[in-house]
Amino acid sequence: MPAVPRFASALNRSVPAARPGEFRPLVLGPLSVWPPVVLAPMAGVTNYPFRSLCRAFGAGLYVSEMITARGFLEGNARTRLLASSGADERPRSVQVYGSDPDVMGEMARRLSGEGVHHIDMNFGCPAPKITRHGGGSAIPLKPRLMARLVRAAVRGAGSVPVTVKVRKGIHDGLLTYRDAGRVAEEEGAAAIGLHARTAAQLYAGDADWSAIAALKAAVRIPVLGNGDVWECWDALRMLRATGCDGVIVGRGCLRRPWLFAELAAVFDGREPAPQPRLGEIAAIMRDHAERLMAFFGPARGIRQMRKWCLWYTSGFHGAAQLRADLIRIESPDEMLGLLARLDRDEPFPPDALRQSRSKGSHTQEVRLPDGYLAARDDDSPPPPVEDAAGWDAALAGG
């Protein structure tokens with residue numbers, strides 16, 4: 001019987017699956033992660049329902065939406081909900097944001113005490129409301145401040161591994177990722193993840209995998225590469241090209257949670273299964289909707305499902321005509337009734353394989369506090385922000 005043609009972009013049609021022993025598990029303190037794949041924290045996306053859905057397809061490390069240290073310690077209900085988990089989630093991973101070392105240390109201590117198995121620190125948020133106050137991706141511009149934050153989190157976490165996530169820098173003329181790698185290593189971080197774009201790039205253009213290779217050559221701790229892993233084959237190409245220790249998968253899985261099954265296959269040396277047809281995707285959508293409703297409650301859960309309906313169905317014939325109805329669904333049955341108008345046997349559209357369904361392609365001029373670059377040796381945290389609600393909202397979008 002002839003082999004089934006590989007469903008892949010032209011870039012990946014001849015990429016070989018992993019050879020036996022070619023790659024090793026990702027080791028983070030006491031954790032051993034195989035395949036060496038991490039779900040990127042994404043606001044409004046990587047809540048427990050989506051993490052559990054991805055985990056059903058394949059093993060790896062699945063990180064929560066970013067939560068703020070201040071909101072967590074103050075008992076904010078939304079923050080606490082997003083940090084929560086289920087009994088089946090092992091290892092449990094939470095990404096945190098904070099700019100005050102004392103607060104970060106206490107949050108790490110609390111999370112460790114609540115049974116979290118991995119803590120990731122976000123130093124890459126490019127949102128203007130954050131950077132203009134000296135937070136997010138502005139923090140690596142001050143290595144001594146970043147060192148205090150990582151040191152506090154590592155001490156607070158105890159035996160729980162702490163990793164950090166950064167971007168290349170502010171823009172191509174102001175790169176900070178090598179300094180960030182040095183700080184992470186010196187202060188006891190278990191690994192560093194690099195989104196190989198600058199804060200000015202946001203999500204535009206191609207990720208610079210050469211920066212991942214440069215960081216790997218500069219540090220002894222594990223390096224995780226992030227950027228442009230749309231297909232399972234991209235993960236293999238990234239590891240082979242850069243020598244990094246694992247990959248972080250972000251936008252590539254938004255409409256294809258089964259990407260994690262494909263990643264498990266190719267890291268084990270196998271060709272992945274064929275792409276699901278629309279009827280199979282409809283069943284995945286129902287599962288996703290039910291998970292959201294069980295976690296957030298029926299009304300809020302089905303509202304969250306509306307954006308997923310657009311992502312899952314984009315590119316299928318006739319789906320564009322259903323958009324106005326899909327964004328108003330009130331139940332899974334209504335969703336499935338709309339999908340029944342489409343051809344259940346239609347295969348997944350090849351043109352959609354490398355399309356982002358979430359972020360735009362624009363860039364920005366990164367805003368920093370007045371005089372910020374003249375005081376890069378300063379290790380004092382940014383001053384408290386009065387508009388706490390706006391601050392948290394900006395982080396949620398970044």
Side-chain angles (χ1 to χ4, degrees), residues 4 7 39 42-58 62 64-65 78 81-82 84-86 88-89 230-232 249-263 272-360 396-397:
V4 177
F7 187 91
L39 170 64
M42 291 178 280
V45 172
T46 56
N47 46 47
Y48 171 70
F50 185 63
R51 298 196 307 271
S52 66
L53 179 63
C54 292
R55 189 181 299 275
F57 283 102
Y62 299 93
S64 76
E65 294 185 61
R78 178 181 179 276
L81 179 65
L82 294 181
S84 65
S85 180
D88 62 329
E89 188 166 34
W230 300 101
E231 306 171 63
C232 58
V249 179
R251 294 172 294 159
C253 70
L254 287 188
R255 64 175 307 172
R256 297 201 310 126
W258 56 89
L259 175 59
F260 291 99
E262 298 173 3
L263 286 159
Q275 294 294 299
R277 294 179 179 269
L278 181 56
E280 298 170 275
I281 294 173
I284 294 170
M285 292 171 65
R286 178 170 195 126
D287 184 6
H288 194 168
E290 290 174 346
R291 291 171 189 256
L292 286 168
M293 293 167 68
F295 187 74
F296 290 107
R300 186 176 171 192
I302 201 65
R303 286 197 301 270
Q304 290 214 19
M305 188 63 199
R306 293 168 180 171
K307 66 174 181 286
W308 290 98
C309 288
L310 305 187
W311 291 342
Y312 278 119
T313 61
S314 179
F316 285 98
H317 292 99
Q321 286 70 47
L322 299 181
R323 290 177 65 89
D325 293 322
L326 286 171
I327 62 173
R328 294 181 175 85
I329 58 168
E330 297 290 347
S331 71
D333 287 341
E334 185 180 357
M335 175 186 74
L336 294 176
L338 292 168
L339 296 178
R341 302 179 190 177
L342 307 179
D343 180 3
R344 293 179 55 85
D345 290 327
E346 183 178 352
F348 188 86
D351 291 345
L353 195 56
R354 302 184 72 84
Q355 286 182 2
S356 168
R357 304 316 309 172
S358 65
K359 302 289 186 178

Restricting to non-hydrogen atoms, name the atom on [X] and the atom on [Y] that form the minimum distance, rounded to 0.1 Å.
X	Y	answer
Cys309	Met335	SG-SD, 3.6 Å
Ala282	Leu339	CB-CD1, 3.8 Å
Met42	Gly250	CE-O, 3.5 Å
Leu278	Leu342	CD2-CB, 3.5 Å
Ile302	Ala289	CD1-CB, 4.5 Å

Working to the nearest 0.5 angstrom, can you tell me the gap between [X] [atom1] and [Y] [atom2]?
X	Y	atom1	atom2	value
Leu81	Phe296	CG	CZ	5.5 Å
Leu310	Met305	CG	CE	10.0 Å
Arg255	Leu353	CZ	CG	9.0 Å
Leu322	Ile329	CG	CD1	11.5 Å

Legend entry - Partner residues of Arg55 under the salt bridge (charged side-chain N to carboxylate O under 4.0 Å, His left out) criterion, sequence neighbours left out: Glu89

Inset, instruction - List in chain and number order the residues that pass salt bridge (charged side-chain N to carboxylate O under 4.0 Å, His left out) with Arg306, two or more places apart in sequence or in another chain; answer none if no residue qualifies. - result: Glu330

Side chain proximity check, [X] to [Y], heavy atoms < 4.5 angstrom:
X	Y	value
Glu231	Glu262	no
Pro349	Phe316	yes
Phe57	Arg256	no
Pro274	Phe7	no
Pro257	His288	no
Ser64	Arg51	yes
Thr313	Leu326	yes
Cys253	Phe50	yes

Inset, instruction - Describe, in one word, how the ring planes of Trp308 and Tyr312 are oriented to each other, choosing from parallel (under 30°), tilted (30 to 60°) and perpendicular (over 60°). - result: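 Correct class here is tilted.
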
Legend entry - Pairs touching residues 310-322 that satisfy salt bridge (Lys or Arg N to Asp or Glu O under 4.0 Å), sequence neighbours left out: none

Inset, instruction - Please list all pairs passing the salt bridge (Lys or Arg N to Asp or Glu O under 4.0 Å) test where one or both residues lie in residues 279-292, with sequence neighbours left out. - result: Arg286-Glu290, Arg286-Asp333, Asp287-Arg291

Legend entry - side-chain hydrogen bond (donor to acceptor under 3.5 Å, both in side chains) involving Gln321 - partner list, sequence neighbours excluded: none

Legend entry - side-chain hydrogen bond (donor to acceptor under 3.5 Å, both in side chains) partners of Asp88, counting only residues at least two apart: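 Checked Asp88 against side-chain hydrogen bond (donor to acceptor under 3.5 Å, both in side chains); matches are Tyr48.
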
May I ask you to decide if [Y]'s main-chain N or O and [X]'s side chain share a donor-acceptor pair within less than 3.5 Å?
X	Y	result
Ser52	Pro49	yes
Arg328	Ala324	yes
Gln304	Leu292	no
Glu65	Gly44	yes

